[in-house]
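Read through the structure below, which is laid out as C-alpha cells, and then see the notes.
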Amino acid sequence: MINKNLIFLLPILVLLLNQVHVNAVDYVPRNIDIEHLSKNILVGSYIGGRSHLKPMLDVATILIERGHNVTLLTSGKYEPSSEYPGLKQITLGPIVTFKNNKRMNIHKDIDYRGLLQLMELTTAVYKINYEKFKHAAKENNIDLFICDALANEPCIDVANNLNKPVVGFTTYMQIMDPKPYKSDPLMGCNISLENESLFERFRCTLIQPLQIAYVFGPFARRLSDIRDQMNIKSVSGKEPKVSLALIDTFFGFELPQSSAPNVQEIGPVLSEGYPPLTPELSDFINGHKRVLYVAFGTRFYTTIENNNKILQSFVEAINNKIIDGVVWALVETSKDNFSPTLGLTDGTQVQTLPILNNEHPHIHITKFAPQFAVLNHTNTKLFFSHGGAGSTHESLYTGTPMLVLPFGGDQMGNAQKLKKSAGIALLLNKHALDVNDILSKIDFLLNDEHIKKNSKRMKYLARINSNRKYKAADLIEYMLYSSGLDEYLDDDFLKEWIPAESRMGFIKANNLDVYGVLLIIIFTLIGIAFKLIKYITNSSSDGKKSKQE
Ligand SMILES: *[C@@H]1O[C@H](CO)[C@@H](O)[C@H](O)[C@H]1NC(C)=O
Ligand SMILES: *[C@@H]1O[C@H](CO)[C@@H](O)[C@H](O)[C@H]1NC(C)=O
Ligand SMILES: *[C@@H]1O[C@H](CO)[C@@H](O)[C@H](O)[C@H]1NC(C)=O
Ligand SMILES: *[C@@H]1O[C@H](CO)[C@@H](O)[C@H](O)[C@H]1NC(C)=O
C-alpha cells in the first residue's frame with residue numbers, strides 16, 4: 001500500500017525538485033586566487049640536524065612550490081636536502097656535535113645546565129655566524145628570515161638589523177609563549193603547575209627562574225658585550241623577539257593554552273611522503289603480528305648497562321609472548337655497547353653477539369630504519385622511544401602507543417605530555433631501568449583500553465592538524481606581502497597581530513597598577529575606620545568614666 005502511494009507521488013516530487021532547480025540562482029565561483037610575488041627566503045639553524053631542519057624545510061617546500069627562492073644556512077651539510085628540490089644550501093661551518101665534546105655527558109640529566117654548553121658554543125661563534133648570515137642575506141637579496149628559535153641569535157639579530165621580517169620556528173611552546181601555570185622538567189618542574197602546592201608553585205615561578213637567570217647571566221652579558229662591540233641592536237622588551245612565532249606542536253599533545261595571533265601552533269609538521277620499508281624489514285614486520293619498534297633518535301644513546309637491560313627485556317618479552325617481534329634501529333649505539341652475555345630472570349645465559357648479528361628469529365637489528373614506514377605498519381604495536389619531538393609526532397600520527405625513555409632537553413617534557421595529556425605512553429627512568437618494570441609497562445601499553453582509545457583519538461587529531469603547515473606558509477606569505485610595500489619599516493608593520501600587552505609592559509598589561517590603587521584605597525579606608533572606631537570607643541568610655549565619677 002505504502003509503496004503504491006509513493007509511486008503515485010513520485011512524479012509530483014520530481015516536478016517539485018525540478019522547480020527548485022530551475023529557480024536556483026546560478027552561482028559563480030568565489031575568486032580564491034592569492035597574489036604570489038616571488039621572494040627570497042632564508043632558512044637558518046645553527047644546531048641543524050634532522051629534528052631542527054626537517055619541519056622548517058617541509059614548510060619551505062610549500063613556499064618553493066609557490067615560486068619563492070629558499071636558501072638554507074646551517075652547520076654542516078644537510079644530506080637529505082635532496083628530498084627538497086630547489087633548495088639552495090650554504091654551510092655555517094662544521095656540524096655541531098656534542099659527542100666529540102668530553103664535557104657533555106649524555107648519561108647525566110640534560111636540564112638547563114646542559115644547555116649551558118650550547119650557550120657557550122653559540123656565544124663563541126656569534127660574531128662569525130653573524131657575518132655569515134649577513135653575507136648570505138645580502139648575497140641572496142633575502143626578503144624574509146625563518147630562524148630556528150634555539151641557540152640561533154645571529155639569524156634573528158641579522159634579520160632585525162636589516163629590518164627584515166623574521167619568523168621564529170620551534171617545537172617548544174615555552175620558549176615563545178610562556179604561561180605562569182606551565183613549566184618544564186628542563187626547568188626542574190612539572191609541565192603543569194595546576195595541581196602543585198603553593199610551595200612548589202613558588203619554587204617554580206620565582207626560585208627556579210632566578211637560578212636559571214643567575215647561571216645564564218654571564219653568557220647573556222658576554223653576548224650583549226659582543227653585540228655592543230659590533231654595534232648590533234638587539235630587540236629587547238618585545239616577546240617574542242620575532243614578527244611571527246610558529247610552534248610545531250598541537251593541542252592534545254601540548255597542554256592547552258591561549259596565544260596571541262603572532263604565536264601560531266602549526267604542528268605536527270610532516271612530509272608529504274616518506275621512504276618505504278626495505279624488503280628485508282617488510283618481510284620481518286609482515287611475519288610478526290605484535291612488533292615493538294625501538295629507536296632513540298639520531299643523537300642519543302645510553303650506557304652499556306642500560307643497553308643490556310633493554311635487550312634482556314626484549315628477549316624476555318618475546319619468551320613470555322607479550323610481543324612477538326622487535327625492530328631496533330641502533331643509530332648511535334654500536335654493537336660493542338653491549339655485554340657479551342645476558343643473564344635472564346630464569347637463570348639462563350644468552351649470547352648477545354648472535355642477536356646483534358640478526359640470528360635471533362624475532363629480533364631485527366638495523367643501523368637505520370625508515371621510521372615513519374615502520375610505525376605506519378599495522379603490525380607495529382608499540383614504539384620504544386627517547387621522546388624527541390619528531391618521533392613523537394610520527395607516533396601520534398600513526399596511532400602508535402609509546403614507551404618513553406627520555407635522555408634530556410625537551411624529551412622529559414614531551415614524555416610527561418605523552419603520558420598525561422595525550423594518554424598514550426608510559427615513562428622509564430634512565431637512572432633506574434628495571435627489566436620487570438619494562439615488561440609490565442609493555443604489557444600494559446599493548447592491552448589497556450584507555451591507551452587504545454587515546455591512540456585512536458590522537459591519530460585523528462594529529463591528522464587534521466598536520467594540514468596546518470599550509471597555514472604556516474600562508475602566514476609567511478602574508479608577511480612577505482605586507483612587507484613588500486617597502487614602508488613596512490614603519491611601526492605599523494604587522495600591528496594587526498601584535499597584542500597591546502607586548503607594548504604595555506607587565507604591570508599595565510595586567511592592571512597591577514589599578515589593583516595597587518585599589519589596595520591603597522582599601523587600606524586608607526580601613527585606617528580611617530579604625531581611627532573612627534577608636535574615637536567612638538574612646539569618647540563613649542570617656543562618657544562612661546565621667547558618668548561613674
Ligand atoms: C629566484 O631565483 C631565480 C633563479 O636564480 C631568479 O631568476 C629570480 O630572480 C629569483 N627571484 C627573486 C625574487 O629574486
Ligand atoms: C610532578 O608530578 C608528579 C606526580 O604527577 C610528582 O610525583 C612530582 O613530585 C612532581 N614534581 C616534579 C618536580 O617532578
Ligand atoms: C588537576 O586536578 C584536576 C582535578 O582533580 C584534574 O581535572 C586535572 O586534570 C589535573 N590537572 C593536571 C595537569 O593533572
Ligand atoms: C602508510 O600506510 C598506508 C596504508 O595504511 C599506505 O597507503 C601508505 O603508503 C603507508 N605509508 C608509508 C610511508 O609507509
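Just follow the structure's listing: the first ligand is 1, and inside any ligand the first atom is 1.
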Intermediate values then yes/no, side chain to side chain donor-acceptor pair (under 3.5 Å), Asn376 and Thr398: CA-CA 6 Å; Asn376 187 43; Thr398 54; over 6 Å; no

Interatomic spacing from CG in Leu53 to CZ in Phe169 - rounded to 0.5 Å: 10.5 Å

Asn141 to ligand 1, any heavy atom closer than 4.0 Å: no

Min N/O separation Asn376 to ligand 4 under 3.5 Å: yes

Any donor-acceptor pair under 3.5 Å from Asn379 side chain to His288 backbone: yes

Glu254 and Lys417: CA distance, side-chain angles, deciding distance, salt bridge (charged side-chain N to carboxylate O under 4.0 Å, His left out) verdict: CA-CA 6 Å; Glu254 181 69 48; Lys417 286 172 201 165; 3.3 Å; yes

Contacting atoms of ligand 1, where contact means under 4.0 angstrom from a heavy atom of Ser38: 11 (N), 13 (C)

Those atoms of ligand 1 less than 4.0 Å from some heavy atom in Asn40: 11 (N), 12 (C), 13 (C), 14 (O)

Ring geometry between [Y] and [X] (parallel below 30°, tilted from 30 to 60°, perpendicular above 60°):
{"X": "Phe253", "Y": "Phe250", "answer": "tilted"}
{"X": "His386", "Y": "Phe407", "answer": "tilted"}
{"X": "Phe314", "Y": "Phe384", "answer": "perpendicular"}

Over 12 foreign heavy atoms within 6.0 Å of NZ, Lys367: yes

Proximal ligand 4 atoms for Ala373, defined as those under 4.0 Å from one of its heavy atoms: 14 (O)

Contact (N/O only, under 3.5 Å) between Lys39 and ligand 1: no

If you look at each N/O of ligand 3, which protein N/O atoms lie under 3.5 Å away, and at what distance?
unit_1	atom_1	unit_2	atom_2	d
ligand 3	2 (O)	Asn195	OD1	3.0
ligand 3	2 (O)	Asn195	ND2	2.5
ligand 3	11 (N)	Glu194	OE1	3.0
ligand 3	11 (N)	Asn195	ND2	2.9
ligand 3	14 (O)	Asn195	ND2	3.4

Note: Asp434-Lys441 ion pair, threshold 4.0 Å (strictly below): no

